[in-house]
Structure formats: C-alpha cells, structure tokens
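Presented below is the structure to which this report refers.
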Amino acid sequence: MPLKTETMVLNMGPQHPSTHGVLRLELEIEGELILSVKPHIGYLHRCFEKHAEAMTYPQVIPYTDRLDYLAAMGNNFGYVIAVEKLLGIQIPERVEYIRVIMAELQRIASHLVAIATNGADIGALTPFLYLFRDREYILSLFEMTCGARMLYNYMWIGGLSHDIHPDFVRKTKEFINHFRPTIVELNNLLTFNKIFIERTANVGILPLDTAINFGASGPVLRGSGLSFDVRREDPYSIYNRFDFEIPTGKGLVGAVGDCWDRYYVRVLEMEQSLCIIEQAIDNIPEGDVKSAIPKRIKPPKGTVYARVENPRGELGYFIISDGNINPFRVKVRAPSFVNLEVMGELCKGHLVADVIAILGSLDIVLGEIDR
Amino acid sequence: MYQFLYDLIGNEIIAGLLVAIVPLTIILVFALFGIWLERKVSAHMQDRLGPMRTGWHGWLQTVADLMKMLQKEDIIATDADKTLYNIAPVLVFTGSFAAYAVIPFSSKLLGSEVEIGIFYVLAISSLVVAGILMAGWSANNKYSLLGAMRAAAQIISYEIPTALIVLSMVMLTGTLSLDKISQMQTSSFWNWNIFGGAIFGLSKFLLIPFMFVGALILFISTLAEVNRIPFDIPEAESELVAGYFTEYCGMKWGMFMLAEYGNMFAVSAIIVILFFGGYQSPIGYFGNSVGVQWLVPFEQGFWFIAKGLTLVFVQMWLRWTLPRLRVDQLMTVCWKYLIPYAFLNLIIIGIISLL
Amino acid sequence: MKQYFKNTFDGIFTVLIGMKVTFKHLFTPAVTIQYPDVKVKLPERVRNRLYVNMDDCIGCDQCSRACPVSCIEIETVKSIPGEDLGITSNGKKKALWVTKFDIDIAKCCYCQLCVFPCPTECIYMTDVYEFAEYERSNFLYKFATLTDEEAVQKKINYEKFQTEKAAAAAKSKPETPAQTENKSE
Amino acid sequence: MKNPEEIFELLKSEFGNTILGLEKETPTEPIITVDPMQINKVGLFLRNNNTLKFDSLMVLSGVDDANGTKIKDEDGTEMISGGTLSVYYHLHSTNLKHKITLKVSTPRETPQVESVYNVWRTSDWHEREAFDMFGIIFLNHPDLRRILMPYDWEAGYPLRKDYKNPEFYKGMKVPY
C-alpha cells in the first residue's frame, strides 16, 4: 500500500519576486512536482472599459497607455488605427513613418525588459543590468520627442502630439550602432550559456495546435513554429513597404515551442526591428504631423475591430460607436490575457523552478491582463 | 600559538579562548570586507558603481549595515517553533566558524595542529546542514520548508565529490594534517600540489593535468556546499523568496550572512592549502633574503590571505555571470558528472603515485 | 556517451565565455550617476509639473474640459463693463475674473492634453519632478491670483450689477405695454 | 479566402433559420447574427469545415446594447428593463487568412448563451470575463465564476449601463 501523501497548495501569491506583477498562481504541488496551476487575476483591475465609455475619443488615449505599460506606443497605435478606420480619414505619410519607427523602438524596449526579467528569474542578474542600460537609450529617445519616458500619449487620432526632435534621426542611428554588438554580447553571456539552456530547453513545450486553439499570439505562438505576425498577415499602417523576416522557433536547442525558443524568437525579433528602423529612418517624408487631426471627433454609428502586432502578441481594439463623442463600448483583446491561459496547460508535471522559467518566457504584463 | 600563550598565562581555558579569538576576528573582518567586496565587484561587473556614499567608495557600507541589523527589531513568527528557530542561526555559524580551528594561516598562527585536520573540516561542515534544516522547518513557512529540503539534499550529496578529491590529495601527500600539507609545498610555486607537489621526475608531469581536474572538481563541489550561484537553490531569490532564512530578520539573519561569508573563505582556504601551497609564497620569502626572520610569518599570512581572496573573487565572479541550476539538474551534475570524474581522478592519481 | 562528454565540455566552455564577458565589463566605466549630487539634464519637451501663468489665463475652461481625469477646477465671475482686467500677453482683452483655478496634481496623469487647447498657452508643463509632499492635501495647487475676499467681492458687485440691469430693463419696458410693470417688481 | 457574404450563404444553407441575418450597413465589418443556443454547433462547423477552417477565436466581447426602456425609480437611479445583451465573436483562420464576426443577442433579464469552450479553448477566460462584467450565463462552461472583480462581488455587473457603485464592500468605502 503506497505511502499516503497529500499534496501541498503553495500560493505563489500576488506579492512574489517573479510573477511579473500582481498575479496569484495557486500551485498544487507534491514535493517539488506540480500537479495543477490555477492563475488568479484581477488584482490590477482599473475598469479601463468603464472609463473609456465616459471619456471622449482623444481622452481615452492616456488610458490606453496604461494597459501594457511596457509597450505604451503599441497600445496607442492600436487604438488610434481602430478609430481612424471608423472615421475613414487619410493619414499623412510622415505620420505613418514616425509611427512605425516609434512602434519598432518600443518593441525593442519591451523585448529588452522581457529578456532581462526572463534571465533574472532564472538567476542571471548581470544581463538584466546590461539590457536595462540599453533600454535607457530608447527611453531617452522617447523623452526627447514627446517628453515622457513610459506613458507617452504620443499618437493622436489622425496625427501625432509632437513632431520628432531635430536630432532624433542622428541619435537613433547612434543607438543602432551601439545596440548591435550588445546583442552579440547578450548571446555570449546568456543565450548559449549551458546552464541557461539546461534550465529552458524542453521546459514548457507548447505544441502548435494547442497554441492556436488557445489563441496564443506573438512570440508565444511563433515560438511554437507558426510564422504568424499581424504586420505580415493583416498589414496595417505602412508595414507592407518594409521587408523583414518573421523569426520562428526551430528547436535549435530542445523541442520546438519550449521556453528557449520563445526567448530566442524575441532576441531575433529585436534584430528585425533594427532592420525596419534602418529602412524607415532615412526616408521620413516632410509634412506637418497635425494636419489631419480632426477638430471634433464624432465617428458614425458602427463597429470596428483593428489589431496591431504588440511586443507581447496581437493587441486588438473592438470599438462600438453610437454616433456621439464618447465611445459606446471599447473592448481590448490583450495578448497577455490570452497567453496566460496557456499557463495551466504548460506547467503540468514540471518543477516549481520551471513555473518561474515558463512564466518568464510567456512574458505577461498584468496591466493589460486585468485592464 | 596555543603553546606560547599557555606558557604565558598558565591557565589553559583562558589561553584556549584567546587562541579562539584570533580566527573569530579574522572571520568578522573578512565578512565585513567580503560583503563590501561582493557589492563592489558585482557593481563594476554590471557597469554601475555600487555603494559610494559611506566613506571613500563606500568602504563603511558594511559597518553601516551591521549597525542597522543590530538595532533591527527581532520579529519571530507567532507559530514558529521558538527553540529551533533561535538555535538554527547559532548552529549554522558555529558549523562554519569551527572549521577555522585547524586552518593554518601561517607557520606561527595555526590554531590546533591536530593530526586529522582535513577529516575534521569535512565532519564539521556537515553540521551546517542540520542548522539549515532547523531554520527551514521551524519558520513554519512553505517557502522556507522547500528551501531547507533542497539545502539538505544539495549539501549532503556534494560532500561526496569533496571527500573523494580530498582523499586523492591525502593519498598523494600522505598526511591528514593541513599544516604538514602546506609545509610540503615549500620554496617555489612549482612545488605546489597543483603542479604535482614537491617530487621530481616523470610522475610530476603526469600528475599536472589530473591535479587541475581535481582542483576544478573541488572548486565546483565546495561552491555547491556554500550555496553560491550556480548552486544557490536553497535561497533562490526568484523562486523561494529567500529560502530557508525568509522568516529571519535582524541579527539572526546577520548570523546567516556571516556564516555564508565565513564558509566562503573557509572553503577557499581549504582549496588553497590542498592545491595552491597553503601559506607558502610562490617566489621565496623577502624576510629570509634580507635576514629579518620574524617577518616571515607575516609574509606567509599575507600570501595565504591573498590566495584565499583571489579564490573568493572567482566565486563572486561566477555569481554574477551564471544563472541558477534546477534541483534535479543539480543532482545530475553531482551524481552523474562530478562523482565519476572524481573517482577516475582518484584511481589515476593512485596509479601515478605508484610509479 | 558522446553526449556525456559534449555536455561536460559545453558546460565548462560556455561558462568561461560568460566569465570573459563579465570580466571585460569589470573595466568598462560605470554608466550610472550619483543622483542627488549629479542630476540628469532633461530635454526641453519634458512634461513633469503643471504651471499656469495666471495673467494670461482668460478662464475659458478649455483645459479642464480636455482633462481625462478632470483634475482642473475653474470658477469664473463675469466682470462689470466698467472694470479693467488687463490684457493678456498676446493682446486679447480679458473679460472674466478667475476666482478659483485649482489643479490636483496628485490626480494628474501628465498626459499634456490640457496644454494644447489653451488659446493663450498659459498652462504648460515644467521640468520640475521633485515635488513630493508629506500630506496629500498639499498636492492641490491653487493658482488663482484673487484672494478669497476679493473673489467674494467680485461676486457681490456682479450680482449688484445684475439686479441694476434687471431694474433698468424693467423701467424702460413700461413705456411700451403697461401691464408688465407689476410682474417685474 | 472567402468574403463574409459567401460565408453567410454557406452558413445559411447549412443551418437554415438559426442564422438570423447579415448586418452590412454599419461601417467597417459585416456581422452575422446567430441564435444564442446554436452558437456551439455553428462554431464547431466553422472550425472543422475545411473550406472555412476558423481555428482561432480572436476575441469574444460582451456588449450591453442598452436598447431597453429606461425607467426612473424613486431615488433618481435609472434602470433599463427589457432590451438585449449581446456577445460578439471575432473569428480568424490562420491558414486561409479570412475573418468573420458573429453576433449573438440574449434578453437582458435571462441572458443565456451556449458556451464555445469545447470549440476554442481561449473562450474560457473571455466568457468568464463577459459573465463577470455583464452577467451573461454561458451554459456548460467548466467553471463560470468572476475573473476580474472579487469573487464575492454581489453588487451587480459593472459594465452594464445602469450599474451603480455600492457604498461599501466588506467595510471599505468603494467610491474614493
């Protein structure tokens, strides 16, 4: 008769060093082995959708900044495209180019945070500092153009709040030359480090069909091998003018779709974003960025669903307008909200230390999960 | 040292106490310096400056931390097991402090020249495990319990490779006493055990590669005994908040820190004695050449601490480069990699020493 | 068996590469600065604390309408024709007494939506970012230049002027239809 | 690659009157309205039919249409009675690259919708959120409980148009 053991319920509670925000994971563990994981969310719920119904269209933009506070440019971009599609207005070329550059810079900054915290959760503290030093360059670029470091309210409906700073182009080129060798240094220090590979390869393998069925998107889906990117599938703004590849998980180190693949897809994506910025930075056309901003924004009665490739995945805005100046209903399809559902599937049979590695590789932000 | 004091005072208890004071001060001074060194090394490796406010380059920082820890309120969790909770830090600190009894800092200052030096060190260092288990269990906190279980598994299983390498060294040098081992590696660095010891001929050259492998294995396994990255699973900050000493605060937590740094230096002292010639200077003594005889013990002390500190620096260097292993990988590294290599090393050294 | 040795070799080799990288960084100069002694020079478009230049403010309430978190409260009193309220910097004649202009900077989300609609650009964001307080009530910045009793005074003479105007309008009306007179008393 | 009209014809021929209609006049996206009790079968068909292959549900959003009659009861709070709550399904096919939007409307007093949990696993949390915010009951959903609000929040469903903040929740003042 086997020894009767009862399982222990461990609360990786709202205050935990590596839950990337206020998320409570209820782990049912037997010794170190995990039987089931139940995420509890809602600790950071700030009623974004209720607020949006009380605000006018331009006033909602500062609220969208606070959804995925690590990629605020991406949130603005999504919301602004949705409303412009509803209004059906034409955007000047210069605004499109600047928006693409800002979104790609924000993707690099957000991936830097994702990679840094993923490494720090597994124990490597030094890459965390190097990557935050590089992120500081990007934040100072943003601060130079629109005055804020993380929550910009920069992209307005029909244009931008500020034109780019005179020496923005020079500083961005400086950043690109500085940043390329540091990616190589990161690969030496962390990506191909045997202990890091040991900790992330074959851990939390997400097969492709469950990934699609769970609606995962972004590096989590691409890590499982499907090259699905909204910038290529459903091109918005002027992304069809730039050529860049979509990196996918190939299982260089372990199985396809494990933590290492999701991590390595982010590293490759940073390089692709650098290429896009290089293609866009040299030919920004002249023009006034505020010419197409309508004085009073009253979209016609109707619904729109626009989606944007945010660093964490496919961010979608579903807006219903009933003809007056406040939106009738704004629903945000947050990528981390959907990616976190996979957590229950991924962690079965792993150890407590793997939960941290898997959570780090999913790269969730509680701001957009709880809205 | 003890004999000298005993003749001076006559009463052996006081003499014994006085002799015990010297390693205690060494540990305390080293712990203060070690914590400061760790913060500065980690800072400069991460392109930042580390503590700069308290004194030149922040050298008073650890003294300030000590003051803060001393006056911190000592909170004990309500349903913690009071007695075990209070004994645990004392046990852990004595475990690491007792190892200093046999470490020869220089030919004069060597504590008790007991014959079974290295065997005693191995035995005492496993006392730390009992302390850690007590700390983890008595804090009545799930995270500390997990941390304590991991610590027990890790330290016990890593004692085997350490014992094997120590066995191979004892077999080579023939004695258990640390003092004699250091004395055998005199005059130049070429006589250090890492380069085959003070023997001549073919077997010396044959030994060199296996000595390097032995030193590496000893370094890795003692790194695991001291719970340093990549083996700091018992107090993994990102998983178990702070492992077995999560519930401790104030001076009790300070005792754990002191024990960790004391252990770090004790372990690197063992490696220095076994492989890098104890307190012998690599290039001969300045005191001998100039004829000032009483200067030699101080030089020996200087060389011993210098070698110890370089090894401590390497431990810190590893801490700020490598990620952390998982518990089962830790076991595979020990049982599947370190122990077979240590056995192989033991056999080959045995054969070579027969030549 | 081959995988066994490959693992050992990989383990040692990648660790050494990592150590080489961190050792190189031991000698690169630090990028951090000692904050209170050395301060970062902020770019000129930076948006930190709000400031209102009161002599340009015409009390048009555009900024408080544009604010998403409604942290700006403005109360104005119409001026009597005789009074002179001075001219804003760009020469526009002011017509309203701004008796109350409060910004609750604790609620402000620093989105700069209030700065753009201001016709006289009197509200803008400065680069002051060290304005911590001990009580939350100190975050309520009062920019109105009129003291309380002046504000009350302005309200009184505006009501007085209102009643005179109503009386004057009532007097001029009786030459036309007679019956309205009793209604206006 | 099929445009919404063809999909609508296909569904109409397959399911007959459970597909209620195709709204095309409002801007940017045609919407197919479906009977709430059959959404599960329609979803299975949409996913498994190899000319459609809608294998990923992008977003499932609950909406309070607020088209009921507004009655003002005594202390000035207005309640909406009658009218409908509706749920929008945005579907997307990863390999055939086409998109479609389904809409399902249920009466406000008894909002019942068939859950599509077994068709697309991502709907698990989306449906819990629609329940949490609007009170739409999803039949045979594995564990339908609140997801964003506290689990024992009994002051109604926050995103409904006639929602009033409770004065206290467990002794804490709600409106600050």
Side-chain angles (χ1 to χ4, degrees), chain A residues 38-47 49-50 53 82 85-88 208-217 221 226-228 230 233-234 299-307 314 316-322 328-334 337-342 344-345 369-371, chain D residues 23-31 47 53-67 86-95 97-99 101 103 118-126 128-130 132-134 143 145-151 153 158-161 163 165:
Chain A
K38 255 209 337 245
H40 296 267
I41 55 173
Y43 291 91
L44 199 57
H45 178 55
R46 296 154 297 179
C47 348
E49 280 145 10
K50 192 78 177 173
E53 283 160 14
K85 217 191 248 182
L86 208 56
L87 288 168
L208 187 54
D209 50 2
T210 35
I212 295 176
N213 200 347
F214 267 93
S217 59
L221 182 62
L226 180 74
S227 109
F228 173 82
V230 179
E233 296 297 318
D234 183 356
K301 207 167 130 58
T303 70
V304 69
Y305 180 72
R307 41 190 202 149
E314 174 201 314
Y317 283 90
F318 174 56
I319 299 180
I320 302 178
S321 91
D322 58 355
F328 181 73
R329 168 82 165 103
V330 176
K331 161 78 177 159
V332 174
R333 188 257 191 217
F337 180 76
V338 180
N339 292 346
L340 188 60
E341 285 181 78
V342 178
E345 282 289 310
I369 290 178
D370 296 344
R371 284 184 299 281
Chain D
E23 294 163 15
K24 268 218 296 303
E25 71 294 349
T26 53
T28 67
E29 54 188 9
I31 299 168
R47 190 186 63 166
K53 274 223 239 320
F54 281 107
D55 50 7
S56 122
L57 164 71
M58 288 189 293
V59 77
L60 178 149
S61 27
V63 172
D64 172 4
D65 301 337
N67 44 20
S86 51
V87 179
Y88 287 74
Y89 298 79
H90 289 264
L91 305 174
H92 161 75
S93 156
T94 39
N95 31 33
K97 307 280 187 293
H98 49 225
K99 294 190 282 190
T101 315
K103 176 180 171 190
N118 45 24
V119 181
W120 299 288
R121 286 292 300 280
T122 183
S123 59
D124 171 11
W125 279 16
H126 286 273
R128 272 179 62 190
E129 191 195 347
D132 186 357
M133 291 293 149
F134 293 93
D143 69 342
R145 48 187 165 82
R146 285 188 179 267
I147 189 166
L148 293 178
M149 298 301 285
Y151 293 127
W153 183 267
L159 266 181
R160 286 197 180 185
K161 293 294 178 190
Y163 170 74
N165 250 329

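By convention in this document, chain letters (A, B, ...) are assigned in the order of the sequence lines, proteins followed by strands, and residues within each chain are numbered from 1. All values below were derived from every heavy atom in this structure, side-chain atoms included, with hydrogens, water molecules and symmetry-related copies excluded.
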Exercise for review: Taking the side chain as every heavy atom from C-beta outward, state whether Leu159(D) and Arg329(A) have any atom pair closer than 4.5 Å.
Suggested key: yes
Exercise for review: Find the distance between CZ (Phe337(A)) and CD1 (Ile147(D)) and round it off to the nearest 0.5 Å.
Suggested key: 4.0 Å
Check your understanding: Where does Arg160(D) contact chain A at under 4.5 Å (heavy atoms): side chain, backbone, both or neither?
Key -> backbone
**Study point:** Option that, when pairs with chain A are counted at under 4.5 Å, heavy atom only, ranks first among Leu60(D), Leu57(D), Asp65(D), Asn95(D)
**Key:** Asp65(D)
Point to revise | Residue Asp234(A) versus chain D: region with a heavy atom under 4.5 Å | key: side chain
Check your understanding: Which bit of His126(D) is near chain A, if near means a heavy-atom gap under 4.5 Å: side chain, backbone, both or neither?
Key -> both
Practice item. Any chance you could measure Arg307(A), atom CZ, to His90(D), atom NE2, to the nearest 0.5 Å? Key: 11.0 Å
Review point. Do the side chains of Leu148(D) and Ile41(A) get nearer than 4.5 Å, heavy atoms only?
Key: yes
Review point. Does any heavy atom of chain D fall under 4.5 Å from the side chain of Phe328(A), the backbone, both, or neither of them?
Key: both
**Study point:** Side chain to side chain, Met133(D) and Lys50(A), heavy atoms closer than 4.5 Å
**Key:** no
Check your understanding: If every non-hydrogen atom of Thr94(D) is compared with every non-hydrogen atom of Ile212(A), which pair is closest and at what distance?
Key -> OG1-CD1, 4.2 Å
**Study point:** Side chain, backbone, both or neither of Leu226(A) within contact of chain D (heavy atoms, under 4.5 Å)
**Key:** side chain
Review point. Given a strict heavy-atom distance threshold of 4.5 Å, which part of Asp64(D) is in contact with chain A: side chain, backbone, both, or neither?
Key: backbone
Review point. Which region of Phe214(A), side chain (C-beta onward) or backbone (N, CA, C, O), has a non-hydrogen atom less than 4.5 Å from a non-hydrogen atom of chain D, or is it both or neither?
Key: both
Practice item. Using the side-chain contact (heavy atoms from CB on, under 4.5 Å) rule, take Asn213(A) and Arg47(D) through it: C-alpha gap first, then chi angles, then the decisive distance, then the call. Key: CA-CA 10 Å; Asn213(A) 200 347; Arg47(D) 190 186 63 166; 4.0 Å; yes
Check your understanding: Taking His45(A), Glu233(A), Glu341(A) one by one, which has the highest count of heavy-atom pairs under 4.5 Å against chain D?
Key -> Glu341(A)
Exercise for review: Answer yes or no: is there an ion pair linking Glu129(D) with Lys331(A), defined by an N-O contact shorter than 4.0 Å?
Suggested key: yes
Exercise for review: May I ask you to check whether His92(D) and Tyr305(A) place their ring centers less than 6.0 Å from one another?
Suggested key: no
Point to revise | Flag side-chain contact, heavy atom, 4.5 Å: Glu29(D) against Val304(A) | key: no
Review point. So with a 6.0 Å cut-off around NZ of Lys301(A), is the heavy-atom count from everything else above 12?
Key: no
Practice item. Pick one of side chain, backbone, both or neither for Arg146(D), based on which atoms fall under 4.5 Å of a heavy atom in chain A. Key: neither
**Study point:** Which of Val342(A), Leu86(A), Ile320(A), Ile369(A) touches chain D most, by non-hydrogen pairs under 4.5 Å
**Key:** Ile320(A)
**Study point:** Residue, of Ala66(D), Pro150(D), Gly62(D), that accumulates the most heavy atom pairs under 4.5 Å with chain A
**Key:** Gly62(D)
**Study point:** Selection from Thr303(A), Leu44(A), Thr210(A) maximising heavy-atom pairs under 4.5 Å formed with chain D
**Key:** Thr303(A)
